[in-house]
Number of protein chains: 2
Amino acid sequence: MENVNKKILLVEDDLNFGAVLKDYLMLNDFDVTLAKNGMEGFEKFKKDTFDLCILDVMMPYKDGYTLAKEIREKNNEVPIIFLTAKSMKEDVLKGYKAGADDYLNKPFDSEVLLMKIKAIIQRKSSDVKAEQVQFEFNIGKFHLNSKLRFLTFNNEEPIKLSPKENELLKMLILHENDLMPRELALTKIWRDDNYFTSRSMDVYIAKLRKYLKLDEDVEILNIHGEGFRLVVKNKVSV
Amino acid sequence: MENVNKKILLVEDDLNFGAVLKDYLMLNDFDVTLAKNGMEGFEKFKKDTFDLCILDVMMPYKDGYTLAKEIREKNNEVPIIFLTAKSMKEDVLKGYKAGADDYLNKPFDSEVLLMKIKAIIQRKSSDVKAEQVQFEFNIGKFHLNSKLRFLTFNNEEPIKLSPKENELLKMLILHENDLMPRELALTKIWRDDNYFTSRSMDVYIAKLRKYLKLDEDVEILNIHGEGFRLVVKNKVSV
DNA sequence: CATAGGTGTTAATGTTTGGTTAATGCATTA
DNA sequence: TAATGCATTAACCAAACATTAACACCTATG
């Protein structure tokens with residue numbers, strides 16, 4: 001569970017205002033994707049996963065309500081906040097019917113928006129249970145629990161793994177007996193592929209080899225210039 | 001899920017307005033309990049279980065913020081909406097910090113309020129796990145009554161827990177032996193996730209560890225960068 | 001209305017952990 | 001056999017955590 005910034009999709013046709021708001025939100029540790037109309041907003045929505053959408057109502061090509069309905073068809077969970085200059089009751093109701101979580105009239109105070117964002121994201125982030133990813137693996141006589149970052153050998157006292165050790169081992173296991181390309185680990189785990197991250201990865205391979213020595217049937221092999229391969233010998237069928 | 005009307009606690013000192021609003025809400029199939037000041041509101045809150053609280057901010061004896069804080073100490077799940085004639089930024093921020101879910105300036109349109117209520121209640125009721133009526137737990141030789149906030153060791157004199165101690169311990173117990181992510185506790189209990197709340201949480205972990213020392217089989221372990229883990233060793237099967 | 005007690009936050013300090021980089025040597029390939 | 005890639009250990013620095021104490025705030029109570 002990494003502490004990754006929450007992602008916000010901001011759709012606003014006023015480019016100046018949009019840029020200012022984007023900067024403000026980014027200063028407050030959100031990842032912001034800005035789209036300048038409903039059309040573009042929907043395209044960007046489909047291509048990524050967001051924790052929150054902030055939609056301007058009045059936009060060319062496709063207004064905020066229409067966009068909200070399209071978003072709701074794809075995703076019934078993501079919170080939506082409308083920004084609007086209107087304060088007419090009909091429009092507000094229309095917004096709620098389109099699936100809004102909140103409504104804000106322009107001009108508004110940026111701190112207030114920030115509070116609302118935090119309140120809304122907090123409510124939703126309780127549904128973290130979506131993290132139904134696999135986190136338990138067996139490899140030779142080892143068992144890896146990658147949620148607790150524990151590597152257990154033969155029911156002995158578990159070895160505690162660091163986050164990077166854990167991620168790297170998991171990725172090797174997912175490619176068991178097959179090539180795990182250097183580049184893959186570097187881009188996924190180190191989020192950068194250069195000389196230094198590559199050296200760093202070597203250090204971690206060395207650490208993992210040390211742990212895995214306990215089981216002589218488990219080994220990390222290098223494929224020169226390509227990557228690594230986790231092999232398990234003498235595998236018994238169950 | 002039974003088809004029972006949702007219960008609303010409405011605290012409003014303007015008796016006329018309160019009665020009108022109550023009628024309107026009841027016409028829309030809510031069960032409404034009306035209190036005419038913060039004091040009375042808190043009494044009624046303690047005596048029943050509500051799906052939503054609507055609090056006027058300016059009231060004699062006890063204002064809406066204070067009431068909200070008291071309510072939050074008892075229950076930090078129930079949604080709260082503030083009603084206010086003020087629209088000062090400071091007041092709005094104060095409201096959110098007191099744990100508001102939404103904010104409405106008087107005069108407001110009743111239909112808008114209705115939409116907000118429906119939106120908020122819907123959000124909450126999708127949190128099925130919010131059905132955490134369970135409040136008694138055994139952990140090692142301890143027994144926690146999280147309603148009375150009593151932690152008992154071996155039938156000795158109970159240790160009184162503060163609201164935060166209690167919530168945190170409960171959350172740890174609900175994740176017994178498993179990871180309880182930092183972020184989860186911070187967003188759920190502290191309602192904010194930043195450097196300071198995180199330090200504060202560390203202080204509370206230290207306090208809990210001190211209490212739990214009585215049973216050497218119960219321990220709170222840290223998983224660096226992830227969260228905490230409450231483990232019970234030498235568990236006997238029953 | 002002063003004050004003691006309870007609660008929660010912030011500060012101060014020290015410890016642990018994790019990750020990168022450096023240094024050195026070996027292996028593979030062209 | 002030079003150049004590049006890999007292996008391993010150790011040194012270093014930054015971030016996360018642990019603990020205690022100081023502080024601020026509110027409430028109940030004499």
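A, B, ... follow the sequence lines: proteins, then strands. Residue 1 opens every chain.
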What is the distance, to the nearest angstrom, from the [atom1] atom on [X] to the [atom2] atom on [N]?
| X | N | atom1 | atom2 | value |
| --- | --- | --- | --- | --- |
| Glu219(B) | dA18(D) | CD | P | 12 Å |
| Leu186(A) | dC6(D) | CG | P | 10 Å |
| Ile189(B) | dT9(C) | CD1 | P | 11 Å |
| Asp193(B) | dA16(D) | CG | P | 12 Å |
| Glu183(B) | dC17(D) | CD | P | 13 Å |
| Leu169(B) | dT7(C) | CG | P | 15 Å |
| Ile205(A) | dG5(D) | CD1 | C1' | 14 Å |
| Tyr195(A) | dC6(D) | OH | C1' | 10 Å |

In terms of side-chain heavy atoms, does [X] have a donor or acceptor partner in [Y] at a distance below 3.5 Å?
| X | Y | value |
| --- | --- | --- |
| Asn234(A) | Asp217(A) | yes |
| Ser162(A) | Arg149(A) | no |
| Asp14(B) | Asn16(B) | no |

Legend entry - Check: Lys7(A) side chain, Phe30(A) main-chain N or O, donor-acceptor pair, under 3.5 Å: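 No: the side chain of Lys7(A) does not pair with the backbone of Phe30(A).
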
Inset, instruction - Using a 4.0 Å heavy-atom cut-off across all strands, classify Phe228(A) as base, sugar-phosphate, or nothing. - result: sugar-phosphate

Inset, instruction - Using a heavy-atom cut-off of under 4.0 Å over every strand shown, decide if Asp202(A) touches base, sugar-phosphate, or nothing. - result: base

Inset, instruction - Would you kindly compare Ile220(A) and Arg182(B) by the position of their nearest DNA chain D nucleotide and give the one closer to the 5′ end? - result: Ile220(A)

Inset, instruction - Specify the residue among Gly227(B) and Glu70(B) whose closest nucleotide of DNA chain D lies further upstream toward the 5′ end. - result: Gly227(B)

Inset, instruction - Any pair with a residue in residues 198-227 of chain A that passes ring pair (Phe, Tyr, Trp, His ring centres under 6.0 Å), sequence neighbours left out, goes on the list, sorted by first then second residue, please. - result: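 Of all non-adjacent pairs touching residues 198-227 of chain A, those that pass ring pair (Phe, Tyr, Trp, His ring centres under 6.0 Å) are Trp190(A)-Tyr204(A).
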
Contact list (N/O, under 3.5 angstrom) for nucleotides 22-26 of chain D vs protein:
none

Inset, instruction - Compare side-chain N and O positions of Lys210(B) against OP1 and OP2 of dT19(D) and report whether any pair is under 4.0 Å apart. - result: no

Inset, instruction - For Lys46(B), look at atom NZ and say whether over 12 heavy atoms of other residues, nucleotides or ligands are found less than 6.0 Å away. - result: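 Correct, the count exceeds 12.
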
Legend entry - Within 6.0 angstrom of Lys141(A) NZ, more than 12 heavy atoms from elsewhere: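 Enclosed: over 12 neighbouring heavy atoms sit under 6.0 Å from NZ of Lys141(A).
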
Inset, instruction - Using a 4.0 Å cut-off on protein heavy atoms (strictly under), produce a 5'-to-3' string for nucleotides 16-21 of chain C with B for base contact, S for backbone-only sugar-phosphate contact, and - for none. - result: -SSBBB

Legend entry - Glu40(B)/Lys44(B) salt bridge by N-O under 4.0 Å criterion: yes

Legend entry - Short N-O contact, Lys233(B) and Glu219(B), less than 4.0 angstrom: yes

